[in-house]
Amino acid sequence: MTALSQGDVPAASSPLLKTRGLLAMALAALLLGVAAPRLVSSQLMLSLATQAIFDALLATSVGFLVLQNGRVSFGQAAFFGLGGYAFGVLVARGLMAAELAVLTALALPTLVAFLLGLVFARIAGVAHAMLTLAVGQAFYEIAFRWRELAKGDDGMAFNLPPRIFGFDSSLLQDPSVMVVVAWTILVLALLGLALFANSRMGQIAAAVRDNAERARFIGHDTTIPPAIVYAISALLAAIAGLLQATYNGYIAPQMFHWSLSGSALIMAVVGGAQFILGPAIGAVCFFILKDFAGRFAEYWPAIVGSVLVIVTLVMPQGIVGLLKAGWFRMRRQA
Amino acid sequence: MFKAVMMTGVALGAMLSVSGAALAADPLKIGVATDMSGTYASLGEEVMRATRFAIDEANAAGGVDGHKVEFKSYDTEAKPDVARRQVEKLVMEGYPVITGMIASGEGLAIAPLMQRWGSLYISVVNKADELTGANCAPRVFRVNTQSAMDAATVKPWLKERKEKKWAVVAIDIAWGRGSAELFSKAVKETGGNMVAELFPPANTNDFAPYIEQIKKAGAEGVWVVLAGRDAVNFAQQSKQFGLTDAITVAGVSFTTDGTVKTLGDSAKGVFGIINYSSTLDTPENKAFVKAWTDKYKVPPTNFEGEAYLGYQVLFQAVKDAKSVKTDDIVKALPGKTYDTIMGKLVLRAEDRQLLKPNYFGIVEAVNGELRPVVKTTVAAADVAPEVVCKTK
Amino acid sequence: MAIQLLNGIVYGGLLYLLAVGLVLIFGLREVVNFAHGALFMLGSYIGFTLAAAGHWWLGLLVSVVAMAAVGCLLDVLVFRSLRKHDHIVTVLITFGLLLILETVVTVTWGKAYLSYPVPKLLDGTVTIAGSPFPIYRLFIIVVSLLVAGGLAAWLRYTRMGLYVRAASTNAHVTSIQGIDVDRLSLVVVGLGTALAGLSGVVAGPLLTLSPTMGNYILIDSFIVVVIGGLGSFAGAFFAALLIGQIHNLGAIYLPWAATMLPFLLMIGILIWRPTGFAGSRT
Amino acid sequence: MSEAIAIQGIGIERRYGGFRALKGVDITVRRGEIRGLIGPNGAGKSTLIDVLSGRVRGQPGQVLIDGRDVSRLKPQERRRLGLARSFQRTNIFPMLSVEQQLRIASWAVAEAGVEEVMEELNLTALARMPAAEISYGDQRRLDLALALVGRPSVLLLDEPAAGLTVEESHGLATILRDLANRWNVTVLLVEHDMQVVFSICDGITVLHLGETLAEGNVAEIRADQRVVTAYLGTEA
């Protein structure tokens, strides 16, 4: 993780002041989100924004694992898919109330990730990436081939129950509503991650990431904090999967596929995985890039590929890393 | 994008030569969401070729009932979530008549959304029965042959055959499993028996273990339910193992024009279900094949034929509706008889599936080129699937 | 049974040819090369045009030479500047290369599937254990054994091979000892890419040519490299044979789990021993 | 100086395959004592520290802290009982700031005193700096500070002066002597710099080939012929 170690550590100003600043920023972002549907009239823009936010959530989940645990995951789609599938399957079969299905869809991936985290946290580098890839693909194979579960490779459409948490559920498939829901969740998630990173547990996890052995010798347990980070990261991915499944009314095995995990990782790194905000920004940029490149029909992979190579070579610290470096240079000159 | 612009240019050129009334009419705007870069990129290419052909032809004739035809296309990467996004974009950007998706999963993913978006979808490749069966949705139509229709074609053919010991190699996805099951049933009903049922996973590189098992089981014939890359891999490798020459090889989606062209001699003598063939002997088809061959130098493939069929049906419905509004087209489409390259065909009102004949054929040399040639025709009424759909 | 084992060796051999290129490049440059599958695909296409015209062997030669050149170019233009970067950054860049190569091939050769002829010399079957077996498949085994043997000899008995082994164990130390790592890596990356070209042509008569063909075999090759212990040549050889057998026997005896077996094996081995069964590096 | 035993190792064994790195070593460090652990390379000094601190577990032998058997406890559990250690190769948290990592260290132990430790080890000015960006000498002191947070009762130091200049290592020795006295920390010190060892240690244990060769005060060890032959040489 050499690139990570170059990232400078945020100067710890007064924690209270910092928290207050964060809260103010989050509040402003939330208000902006609520206002968005009134400011943007195009349903298409709102729908694209909604889907970009799902990507941002997934990318944030991947980036958080890099930031807090120093681990690169190639299988984060496993939790994205698990969240979507748990909800879709439970609702489609009417096995439980929709509210309970939502909770299950969030709790199950979180728990699975926590248990896996207890084992995976020991393993670093390429081996870790391959391990998560294998786990993700194992889930994919199950979803792809288990036809009785959700029609295997074809995927499954399902209808939402009329009401969820007392609200008309069809609103969740309306972009002007979903965009606000998803944005709110993203903002709260980012705020939560920032608070976690400043919390004792978050800082201990960061210490374990930096040097697990020394963390033991200064008296900290080195199994639980990383596992908690895995769990939180999986929870975020599951939220993204749950939202996408709800919005589309459809689940398909591609939700588990490594190429999705890979894109999320690309978004996170392009945005700057060593910053909490980086992956979300990377996801939005990547989404816009791909949407733009899509106009050139079958040539889009080459466009995306070229941009990826150039961007990564020019700014290995990601977009946020570059912005931050630029900001410091400006301040120094001023 | 620039293709769409070019198309518009071509269309405009055509427009200038026709009456002023046509210029005033609203254009018919078609959104083609198909796979341009993923697993099925080559099928997507065939869909695009048929699209250009059909639309050029219509515009050259002064448009559809005076309406100029325009289209826009996006890549779905054969992924349901991408398909959803691209179709939504097409609809919102003003191209509400959707067609072109390859994988059944894509079609099934966007089908329920058509009602909400006020758009309509005409399937030209999706095979899953559910699309017009258990999961049928309003504003969703299908002109291509669904799996159940292929299955119904097997029995008439099996009755003519001497082979009694059959093996099946089917891709381990919903389509392969379903087709294999129907085939086994047909074999048993015609007095034969199954000696091996093998389900290789999608995108298998090495078919040797399956080929070995077919040989070991002593099968006299093997029924192959593989498509695209899998089909080519299997055909190539079983030829190398001497299997193709030793026993009868037949299949569904196995002997498509594309596969046969790729395989060359390895495909010779292979039997298969044919959904459309450029060799069909009807005046309409002959005219179509001639026009096509003049333009592209090669005859149309089965997918190109079925995709073209979709445009024929759509354009006639627009004429009947005298409108390009989706609500009007949706009302006009079902329950009518259409003049097509495959004869007069009915788009059944109950499930919005086009009832069409199906064929059984063999790969033979035609004018020095290997091509699947129709040997048995099964009438539309005999392959018509049961109506399962309950949504209007 | 003999035939089934033989089939396993064929697929294992093919995986080895691909995996060993990954090992070479990873060992020296610490680059997890996601573009390797695309290079394999490119090699296959480069050989195709000549092979289809009846010059199979010439196609093989041209592909190997051309891919070696592509490899050298890649090393100079891309991998060299990646040295300072993290694994994850190199993954992104090689992924970008993959996308570019796929488009280049799509534009040059089209999207339609293509199929390779078997060279005339190797066409036909021989009878093994009472049933016909393609001569071409035996040829694949021979090629992979030749490559494995040649590589082992090169690593063992030449000065350069010694450096490669040293560099693969610890690139840092080697650069201190005054070896020109840049020149070394030019040769090694060129060789690794040439092997991708070789395997592309050799795999041609078995696999359908399509711009995405590399993706379907890349993951298997990664599994081989990881199980073999990242950076270990002998490990990759045995892991490839093992995965080849697992694919074959799994398809016959455990069809419902066949696709998962290599993944499960990889998970098991990584948890038991994160460096793979022959590896010592992290 | 009380006579109570702070840390004790009894019959410590350590095998790597067939090789016995420690052959049943006994060691006792009394409360408040600074004991030097010396011996040639490969004598087993670092291995002994590893066993005492819990880096290595599950081999024959017993480790007692204040008379309590901790042989089965993990390093973090031993740390919470007051056993801290430093490392031969700098072992810090490179991406965290000096203050942040000391604060994190303080959470594991009852007493905090992060500012105090920074003050004593001259790290206050560097509080906000990421550890990777401070000088090597500062990193060595940070390593020591990490062990000293919360005033451990026993401190195991594995060559704290390794790689330091002569002045730096003597400065470090002074700080150590001073802190051990004021904070009543028991120290077991592995060090090659005999100047440092002789100037601050109360007692010395000499290891040779995995066995205790000699034990005694500075004068006794300097006079011991076996030690001189095996390790010190004539110059010492």
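Proteins get letters first, then strands, A, B, ... in listed order; numbering begins at 1 in each.
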Atom group of Arg85(D) that falls short of 4.5 Å from chain A, counting heavy atoms = both

Considering only NZ, NE, NH1 and NH2 on the basic side and carboxylate oxygens on the acidic side, decide whether Asp143(D) and Arg214(A) come within less than 4.0 Å.
-> yes

Can you tell which part of Ala147(D) gets under 4.5 Å to a heavy atom of chain A, answering side chain, backbone, both or neither?
-> both

Pairwise distance CG(Leu146(D)) to CZ(Phe217(A)) - rounded to 0.5 angstrom = 13.0 Å

In residues 190-200 of chain A, which residues are in contact with chain D at a heavy-atom separation under 4.5 Å?
-> Arg200(A)

Can you find a pair of side-chain heavy atoms, one from Asn211(A) and one from Asn91(D), that are under 4.5 Å apart?
-> yes

Are Gln203(A) and Gln100(D) close enough that some pair of their side-chain heavy atoms sits under 4.5 Å apart?
-> yes

Partner chain D: residue of Asp221(A), Thr222(A), Asp210(A), Ile204(A) with the largest heavy-atom pair count (under 4.5 Å) | Asp210(A)

Looking at Ala206(A) and Leu96(D), what are the two nearest heavy atoms and their distance?
-> CB-CD2, 4.2 Å

Gln76(D) versus His220(A), closest heavy-atom pair with distance = CB-O, 3.5 Å

Using a heavy-atom distance cut-off of less than 4.5 Å, which residues of residues 46-64 of chain D contact chain A?
-> Ser53(D), Arg55(D)

Shortest non-hydrogen separation from Ala108(D) to Gly219(A) and the atoms involved = CB-O, 3.4 Å

Let me know if Ile92(D) has heavy atoms under 4.5 Å from chain A in its side chain, its backbone, both or neither.
-> backbone

